[in-house]
Amino acid sequence: MSEEFEPKIVGFLCNWCSYAGADLAGTSRIQYPANIRVIRVMCSGAVDSVYVNRALIEGADAILIGGCHLGDCHYLNGNYKARRKMVLLKNILETLGMEPERIWVKWISASEGQKFADTVKEMVEETKRLGPNPFAKRWNV
Amino acid sequence: MSANKTIGAVAVIGGGIAGVQSALDLGDMGFKVYLIEKAPAIGGIMAMLDKTFPTNDCSMCILSPKLVDCSRHQNIEILTLAEMKGVEGEAGNFTVKVHQKARFIDIDICTSCGDCEAVCPIKLPSEFEQGLVMRKAAYKYYAQAIPNAYLIDKEGVPGYRGCIDCDACTKACKAGAIDHSQKARDIELNVGAVILALGTHPFDPSIKKEFGYGRFKNVITSLEFERILSASGPFEGEILRPGDMEHPKKIAWVQCVGSRDRNIDQEFCSSMCCMYTAKEAVIAKEHESDIEPTVFFIDVRSFGKDFDRYIERAKTEHGIRYVRSRISEIYEKDCGDLQLRYEDMEGDLHEETYDMVVLSIGLCMTKDRSKILSDLGLEVNDFGFAYSHQKDPVALVRPGIFMAGSFMEPQAIPESVMQASAASAQVASLLKDSKGSLVEPRPEYPERDVSSEEARIGVFLCHCGINIGSKVDIPSVVEYTKGLDNVVYATENLYTCSEDTQKKLVDIIQEEKLNRVIVAACTPRTHEPHFKKSLAEAGLNPHLLEMTNIREHCSWVHSDGALATEKAKELVSMTVAKSRLLEPIPALKIDVDQTAMVIGGGVAGMTAALSLADQGFKTLLVEREARLGGALNSIHYTVEGIEVQELLKDLSSRAEEHENIDLHIRSNVSNITGYVGNYTVNIMKDGKESEHTIGAIIVASGIKEHIPTSHGYGKDERIVTQLRIEDELSETSSLTEGETFVFIQCVESREGLRNYCSRTCCMGALKNALKIKELNPRAEVYIIYRDLMTYGFWERYYKQAREKGVVFMQYDIDRKPDVEIGEKLTVKVWEPMLQEEIEISADHLVLSTGMDPADGNPELAKQLKVPLNQDGYFLEAHVKLKPVDFSTRGVFLAGSCHAPKFIGESIYQAQAAAARAATILSSPTLEAEPNIAVVDVDMCSGCRTCISLCPYNAIESVTEVIEGVEVTHADINEGLCQGCGTCVAACPSGAIHQRGFRDDQILAMIKALGACSLGGGS
């Protein structure tokens, strides 16, 4: 391969913390790789496992689920539910032969623009190490 | 009309940010508002600024929605080119005389096309652009001006003639908006109250001859520099020096020009120059990284919330050079470069050459504003500004007339906004009987039924000046967008949020019969409501709007234009996919319990509760301690002579006796549930719990003094904190001659984990120093400080202290004073002039340690679901424009739980919070959260999974008979559901959908992304 592998990342960010954190990275002009595409959801607890699976099937190399810090959820405890769901999903994906490291669950507050940018940077590096999603467009669902 | 009937209308004089905020608050509360502005458009100085500190938000981006809201508000009437000529009558019933100049263009007909400007032959210097470029006699005040209309200048400006009546514009105007025969008019407005928000004037530095302003072209003012930085400014955001239009590399900022200057009778500090200087230097460096900024300063007054961290980033991350010095002279070299001569702290003289010099000018009182004050019979203070008392800062001596913003004192935006809301609260109390008497109900726009139509999507892509357009190739994104299915219209705008674009948007929706709209611009978190309003006006359900964020999430974070453009295209494609599936969402009304709760019974809490109670709202006031007053209990006197204990007695007895206040002392809020308009709170007292329902909450949990561990504190009783010395001094009637007091400022403050200024400690030290000098003029007092934070009018006490012989010594963070405990206390301080350490033998050492947030904040924040900043103070919704709101609707904050502040500041902030809460409590219903979850009864299996997961207990299981069959299904309470979507993700049958975030909509976004980039993996 002549070109370096550029991972595709899909981020599901909660409206109140992580999306606002990503906004703050913007207002603070903190630069990070352009590999991520963000889908805004109201709460990380609203991220259905189906969304994650669909994104992997469509070819995403890594997924970020961003929520408020545990205990800070705008909807009381949606992030706990997200965590529970994603642990389960990672187990299933691992059974099927996918690296669970492709799914990232991060708590990023509205004041953590730097953390958001750092997370994206880290994800890009780690995913480059993992290589392309082996199942991209190969699942017959 | 009976004598005691008040008029439900208000005249707000001045259309800057303060006037605009007052107008919006009062309009929302149900008063008729006349907003009177002298300039051809509202916006004031904030409209001229490029960015705002400490968040570097684009000033126009955050201001423009407020201006548009003003122009759209059905209760607000804007009168531009208008001046107040007098106020007669008394509180509750005034006649305000207004003189309005002719505009010569009919605002209602003008389409703002600019044809008149194109043909106009007359050129004059542009006031808005600070004279850096010329404008025509037929002109618009600025690009995003509200009202969005042109005008013709017939008067001209000194040295330049205005319109010559050539009539070219009349012929050019296709709309027929020009009327050269228009006459000035005199209007009389009948109002119940008046708010003066006339602002101040930027200082004219040409009288400071030594700086060469006006003589040397490359010496400019900071306001001129704001325009240079601005994308919509004279050089389109390119940094050029006016002398030769070259790119300057070395730029010097000179602070305190027109401030803290005895020679020109401008002895006060203008409060915001230190911060805007840092901001301008940082933004300049961001524009062009090879620029080398140097700031020449006396003190860095970073006294506000998060200011110290901003200054630190300016120094360390952006490499801004700071030189503590005094500039003696600037002279010009042949090439236009400038030679600066200055003296540093060691007393050495230096000369340096710069390509450009920016003078950080302060604000000053002008003759016309002084005349207004004297015409209205208002008292002035020693600086010529309106006299204001700390006990009720926004009130003037003449009842019924209030003030706000920099007309009151030079200051930054958040203070202006708070005072504006405070003035609104005062007006609302005064006119509570006539609220709603002069306003019409909100217009309801008929909604077009689009259910049977195929999606017709219109996409509006925003350049945001150069904020997006400089990185994202917008024209290519427009072309790309036009090729997407169902997109029938795609266009680009310089500012999609501006009023003219909004009008266009409405027209285009109607002309193109759009039934879905996409705005690709900034974050939906700020402007979405603004665009939704436009959809409603165009007859579309507002939820047929979708935004995509190509600024914060794209152009601002990806410097590679090609990658940013590709990302923008994909984001638009994803949004189009979602947009196709959008559906109208019906408006839901929720009932509002028109009572309030205030948490914390200190000065802010009591003031907020009293303001709400005076406005007629039942208010619960909850105080943890047995005594009201909070921090006031430990303050004995203030420097300007308020009897603090008298104030406390007055406030607490009024709070105890007010018929609308339900006081709970020795009580804690133990549980808060519900949502805006409908909160249920449990109050715990003596082990007993009572339940209350309320509509809005104000947090005023206060602050406490930091207890130090350094400088020998705790090891010797002569070493005390600021509050302790105040206790001692208040009990002392005389001091021994020659007793020596040393104050050390910024102890364990403005560094490390407590890297913030506590705002009040410099004045605390000055207050106590003056007290000592009063008790015995021969006592020796030393104040050892880092930067003396006597901002604004506090500067007068710095001068007084120097005159009384208080010795001030400055230290740097890397050379902190040392303390040795012996028979006397020995304080060792580095003296830069002498280049040696000197020893002061002291009897008393006072440590100014600053403030810590209240212990209960984390718990309270958790209960209320509102954020704290990294220092543990409550974090407001927006630093500049929403200083007392939380992002959670219905919850507000006031006083020092927001950040350390003075009594007067806490009072106006509390009144502001009361005004903001009143905008919610004033109406018996509110519009509910639209993005709630709904159950598809046919799909629901009745499994009850969702019920246990719902954090708001909004779901219950119901059994009903549908078409003869008994069905058990989940049922969601529309008032309780907050739209988190947890139940949607958990439903095993796919029977629950979240409005605005349906599964099919999200999956369509993912699929669209797959189609455009995820495609082949790598």
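The sequence lines fix the lettering, A, B, ..., with proteins before strands; numbering per chain opens at 1.
Between chain A and the options B:Ala986, B:Ser555, B:Gly979, B:Cys522, the largest number of non-hydrogen pairs under 4.5 Å is found for B:Gly979. The choice from A:Tyr75, A:Tyr51, A:Phe116 that makes the most heavy-atom pairs within less than 4.5 Å of chain B is A:Tyr75. Most heavy-atom pairs under 4.5 Å with chain B: of the set A:Cys14, A:Ala22, A:Cys68, this distinction falls to A:Ala22. For the set B:Val984, B:Thr575, B:Asn549, the entry with the most heavy-atom pairs within less than 4.5 Å of chain A is B:Asn549. Across A:Asp48, A:Ile30, A:Val50, A:Val120, the residue that shares the most heavy-atom pairs under 4.5 angstrom with chain B is A:Asp48.
In this structure, the portions of B:Lys567 lying under 4.5 Å from any heavy atom of chain A include both its backbone and its side chain. In this structure, chain B has no heavy atom under 4.5 Å from any part of A:Pro7. Looking at A:Ala117, there are no atoms closer than 4.5 Å to chain B (heavy atoms on both sides), in backbone or side chain. Contact annotation for B:Lys51: only side-chain heavy atoms (C-beta onward) come within less than 4.5 Å of a heavy atom of chain A. Contact of A:Cys73 with chain B is made through the backbone alone, with heavy-atom distances under 4.5 Å. Interface residue B:Gln994: only side-chain heavy atoms are found under 4.5 Å from chain A. Looking at B:Asn931, the atoms closer than 4.5 Å to chain A (heavy atoms on both sides) all sit in the side chain, from C-beta outward. Interface residue A:Ile36: backbone and side-chain heavy atoms are both found under 4.5 Å from chain B. Heavy atoms of B:Asn467 lying under 4.5 Å from chain A belong exclusively to its side chain. Interface remark: B:Ser559 contributes backbone and side-chain atoms alike to the contact with chain A (heavy atom separation under 4.5 Å).
The pair A:Arg129-A:Glu126 counts as a salt bridge, with a side-chain nitrogen and a carboxylate oxygen less than 4.0 angstrom apart.
Judged by distance alone, with hydrogens and angles left aside, the side-chain atoms of A:Asp61 form no donor-acceptor pair with the main-chain N or O of A:Pro132 at under 3.5 Å. Side-chain atoms of B:His543 do not come within 3.5 Å of backbone N or O of B:Gly996 as any donor-acceptor pair. Within the 3.5 Å criterion, the main-chain N or O of B:Ala933 finds no donor-acceptor partner in the side chain of B:His993.
For residues 80-96 of chain A, the side-chain hydrogen bond (donor to acceptor under 3.5 Å, both in side chains) pairs, not counting sequence neighbours, are A:Asn77-A:Lys81.
Atom SG of B:Cys554 sits about 8.5 Å away from atom CD1 of B:Ile468, to the nearest 0.5 Å.
Taking the six-membered ring for Trp and thresholds of 30 and 60 degrees, A:Tyr19 and B:His553 have ring planes inclined between 30 and 60 degrees apart.
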Cut-off 3.5 Å, no hydrogens considered: what does the side-chain donor-acceptor table look like for residues 39-47 of chain A, sequence neighbours left out?
unit_1, atom_1, unit_2, atom_2, d
A:Arg40, NH1, A:Asn15, OD1, 2.8
A:Arg40, NH2, B:Glu528, OE2, 3.4

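Under a cut-off of 6.0 angstrom, the local environment of NZ in B:Lys1007 is sparse, with at most 12 non-hydrogen atoms contributed by other residues, nucleotides or ligands.
In the model, B:Tyr873 has no side-chain atom that pairs as donor or acceptor with a side-chain atom of B:Asp306 under 3.5 Å.
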